[in-house]
A.B. asks: 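Below is a structure I'd like to ask you about.
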Amino acid sequence: MAQAHVLGLPRIGAQRELKFAVEAFWRGEMDVAALQDVGRRIRAANRRAQRDAGLDWIVVGDFHWYDQVLSTLALVGALPARFDASPSALTLSDYFAAARGTAAQGAMEMTKWFDTNYHYLVPEYSPQTRFGNGTDWFFEEVTEALAEGDNVKPVLLGPLSLLYLGKEKGGLADRLALLPDLLAQYERVLARLKSLGVQWVQIDEPILALDLPANWCEAFAPVYARLAPVAPSLLLATYFGDVTDHLSLLTALPVSGIHLDGVRAPRQLEAFARQWPCDKVLSAGVVDARNVWRCDLARARDMLAPLAEALGERLWVASSGSLMHCPVDLSSEARLDKEVRNWLAFAMQKLDEVALLCRSLDPAEFARADVRAAYLADAAAQAARRTSPRIHNTMVQRRLAALTEADARRRSDYPARAVAQRAWLELPVLPTTTIGSFPQTASIRAARADFRRCALSHLDYLETMREQIRLAIEKQEACGLDVLVHGEAERNDMVEYFGEQLWGFVITEHGWVQSYGSRCVKPPVIYGDVYLPEPMTVAWSAYAQQLTDKPVKGMLTGPVTMLQWSFVRDDQPREITALQIALALREEVAALEKAGVRVIQIDEPALREGLPLRERDRAEYLEWAVRAFRVCSCGVADETQIHTHMCYSEFHDILPSIAALDADVISIETTRSDMELLDAFEAFDYPNEIGPGVYDIHAPRVPSQAEIERLIEAALARIPAERLWVNPDCGLKTRDWAQVDAALANMVAAAKAVRARLASARIQAEMQTRLCAQVQAA
Ligand code: GLN
Ligand code: ZN
């Protein structure tokens with residue numbers, strides 16, 4: 001008989017208990033004992049859920065107070081030394097201090113966990129890095145689970161991934177040099193698990209799904225040759241991609257089993273099964289841990305059946321990866337549309353799917369009435385999803401089919417457009433603008449919430465929002481900004497706001513997923529063809545425009561970001577969904593233009609993060625991502641100025657694609673790298689206008705005029721003045737008005753001061769030329 005397990009569960013709790021407890025602890029409103037209690041309850045609930053579902057192995061060690069990478073560092077005593085905490089006596093406060101920073105030390109850097117929206121803390125490795133006895137938290141959790149008598153399978157991030165995902169600091173040339181010391185700690189940890197009576201350990205090495213340098217690949221065999229003898233049976237877990245490239249390496253590794261992602265890379269299952277050693281376990285991840293769709297049981301069973309035949313009890317049935325990237329429990333969704341709900345499965349439902357699939361591999365079990373009934377119900381749900389008119393909209397499909405190359409091209413090239421835009425915009429050199437949102441004050445949030453629960457009438461809501469728009473316009477005019485915004489008071493979130501209005505999207509009530517630390521996001525679910533029933537932003541933007549003679553910038557979220565920050569359909573390529581969103585936004589852009597909003601910003605902060613993990617898949621992604629942006633932005637007249645905005649990521653490696661978006665203006669986050677990014681823009685010779693952020697909105701301080709002037713000058717050294725804009729580096733919604741008022745006043749004053757210097761330099765240059773001419777003539 002095959003065995004059932006999952007790679008990990010969400011740790012936030014069904015009602016985000018962890019978030020609320022941890023934040024209360026940070027505020028000093030909860031003591032450590034009460035916090036520990038919340039953790040214990042979440043872990044117990046997760047174990048109970050696995051047991052109730054009938055899984056053969058109960059995963060433990062997947063609970064983390066902030067982040068799994070940080071917890072692994074805590075376990076091997078290797079928190080960055082700059083935090084000056086005692087590794088073996090580490091407290092929860094020390095742990096949080098490293099994650100969030102202290103008065104004296106900045107927080108550890110955070111970056112995306114592979115291609116998910118989860119952010120991990122980046123280990124810092126230097127020549128001084130030492131590993132040693134760390135916290136006992138992991139062992140305590142294992143003991144807690146063992147006391148219940150289950151088959152416990154602890155999960156541990158593997159040593160090579162732990163090293164690879166870190167950064168070299170302080171002159172360390174190669175972090176692989178730290179491997180021998182680190183391995184001593186893994187030996188200690190694994191031996192201790194064995195002595196506790198643990199039979200299997202899941203050791204995650206997700207870096208195997210990346211383009212891994214040869215020396216890192218070569219490190220696997222000696223590392224596992226050293227760990228296997230002292231450890232319980234090791235299940236080496238890979239996920240997020242295909243590891244067939246490493247087939248012979250993995251076959252020869254002295255581990256007792258391997259886990260493969262059968263959702264992202266289904267074909268590798270067969271490839272491995274064919275030559276998998278007959279004494280080793282193969283865990284097939286067939287239930288999608290990265291999305292919210294109900295598993296097509298019949299299809300998954302068809303995939304598993306030949307594996308079961310070949311492997312017998314050495315087959316383990318699993319989720320494709322950890323379920324931490326899924327919302328917790330569909331049964332919390334009382335208000336979700338019934339039809340759509342029937343197509344979904346969250347983490348708790350996925351536990352049942354894994355168990356059921358595993359059970360049904362046994363013919364006798366498969367014949368039982370309850371199993372048959374579950375398969376029939378699933379088949380009906382899958383069939384409905386394939387044919388439902390809620391999903392398949394022929395109008396959208398016709399429009400998509402009718403798209404031509406010309407639809408993805410502006411009428412004229414940028415230089416001609418720039419002339420047409422300058423003619424009516426009449427902007428000064430170094431025009432000033434902001435990124436879109438203004439402070440989301442408590443009263444704005446309260447008004448939105450009241451409107452939602454019908455405690456505020458439509459009229460009162462409208463008036464409250466209009467009042468905010470008037471305030472925003474007044475303030476922008478007073479401080480002398482050139483291109484204004486309406487301030488986005490009506491938006492809760494830049495994706496959800498649009499998802500609520502577009503057909504083909506649903507918004508869940510409790511579909512939270514951890515983004516980092518205590519922060520959770522609630523991605524919309526795109527279930528069907530995307531259709532725009534009526535304009536979404538025109539009323540707000542047009543209202544703002546009518547209050548002022550200065551141009552007001554309309555504000556939209558781009559197709560790639562909408563896609564990237566949602567749960568996406570798995571019944572058609574992502575590219576098609578992106579194009580459908582683009583078509584809907586194209587209509588919104590046209591409606592804005594028609595209403596007299598002729599500067600329109602389409603935000604794409606997530607363009608970079610959609611980049612596939614493997615180099616070989618990137619060109620294709622960039623091509624359709626750029627096309628989607630162009631489809632939504634290119635339907636306008638030359639006079640209409642299209643802006644885009646990007647932040648949160650490194651852009652150096654995708655500059656050609658950023659240029660290919662062909663936005664007239666891009667505003668981009670650069671302040672934290674002190675204009676470093678601009679060297680790349682200069683070297684690449686970026687052809688259109690650019691507004692490098694000159695004010696770091698993430699820092700809770702007001703930048704001085706002098707500071708901003710210095711940044712503008714730095715930008716001027718690299719970008720010609722005619723193509724340079726002055727703006728903050730992101731939206732201002734998280735700041736308060738006092739900071740924003742002061743910072744924007746300084747920003748505008750800085751722009752004016754630099755303009756004056758530019759003008760006098762120009763006059764002097766002209767005088768110089770005239771003088772030279774006179775001298776030569778004499
Ligand atoms: N227009 C959005 C805002 O200002 C952009 C947000 C973002 O870049 N993430 O809030
Ligand atoms: Zn931004």
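Counting starts at 1 for both ligands and their atoms, in listed order. Bear in mind the structure is a predicted one, so any value in this text is a computation, not a measurement.
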A.B. asks: Do other residues, nucleotides or ligands put more than 12 heavy atoms under 6.0 Å from E713 CD?
C.D. replies: yes
A.B. asks: Taking only heavy atoms of G731 into account, list the atoms of ligand 1 that are under 4.0 Å away from them.
C.D. replies: 3 (C), 4 (O), 10 (O)
A.B. asks: Report yes if some N/O of C730 lies less than 3.5 Å from some N/O of ligand 1; otherwise report no.
C.D. replies: no
A.B. asks: Do Q440 and K733 get their side chains close enough for a donor-acceptor pair, meaning under 3.5 Å?
C.D. replies: no
A.B. asks: List-wise, which protein N, O or S atoms are found short of 2.8 Å from the Zn ion (ligand 2)?
C.D. replies: H645 NE2, C647 SG, C730 SG
A.B. asks: Salt bridge or not between E615 and R618? Use side-chain N to carboxylate O under 4.0 Å.
C.D. replies: yes
A.B. asks: Any side-chain donor paired with an acceptor under 3.5 Å for T508 and K522?
C.D. replies: no
A.B. asks: Using the six-membered ring wherever Trp is involved, compare the ring planes of Y118 and H325 and label them parallel, tilted or perpendicular (cut-offs 30° and 60°).
C.D. replies: perpendicular
A.B. asks: Please could you name the atoms of ligand 1 that G436 approaches to less than 4.0 Å, counting only its heavy atoms?
C.D. replies: 4 (O)
A.B. asks: Looking at H458 versus F451, is the centre-to-centre ring distance below 6.0 Å?
C.D. replies: yes
A.B. asks: Using a 3.5 Å distance criterion without hydrogens, assess whether the side chain of E588 forms a donor-acceptor pair with backbone atoms of T537.
C.D. replies: yes
A.B. asks: Any idea which protein heavy atom is nearest atom 2 (C) of ligand 1, and the distance to it?
C.D. replies: D603 OD2, 3.3 Å
A.B. asks: Suppose we screen for side-chain hydrogen bond (donor to acceptor under 3.5 Å, both in side chains). Which residues come up paired with T561, at least two apart in sequence or across chains?
C.D. replies: E604
A.B. asks: Is S437 touching ligand 1 with its side chain, its backbone, both, or neither, if touching means heavy atoms under 4.0 Å apart?
C.D. replies: both
A.B. asks: Give the residue, atom name and distance (to 0.1 Å) of the protein heavy atom nearest atom 6 (C) of ligand 1.
C.D. replies: M494 SD, 3.5 Å
A.B. asks: Between Y516 and H119, how do the two ring planes meet: parallel, tilted or perpendicular, split at 30° and 60°?
C.D. replies: perpendicular
A.B. asks: Tell me the contacting part of H645 for ligand 1: side chain, backbone, both, or neither, using a 4.0 Å heavy-atom threshold, strictly below.
C.D. replies: side chain
A.B. asks: Going by the atom numbers of ligand 1, which of them fall below 4.0 Å from some non-hydrogen atom of K733?
C.D. replies: 10 (O)
A.B. asks: Would you find more than 12 non-hydrogen atoms of other residues, nucleotides or ligands less than 6.0 Å from E623 atom CD?
C.D. replies: no
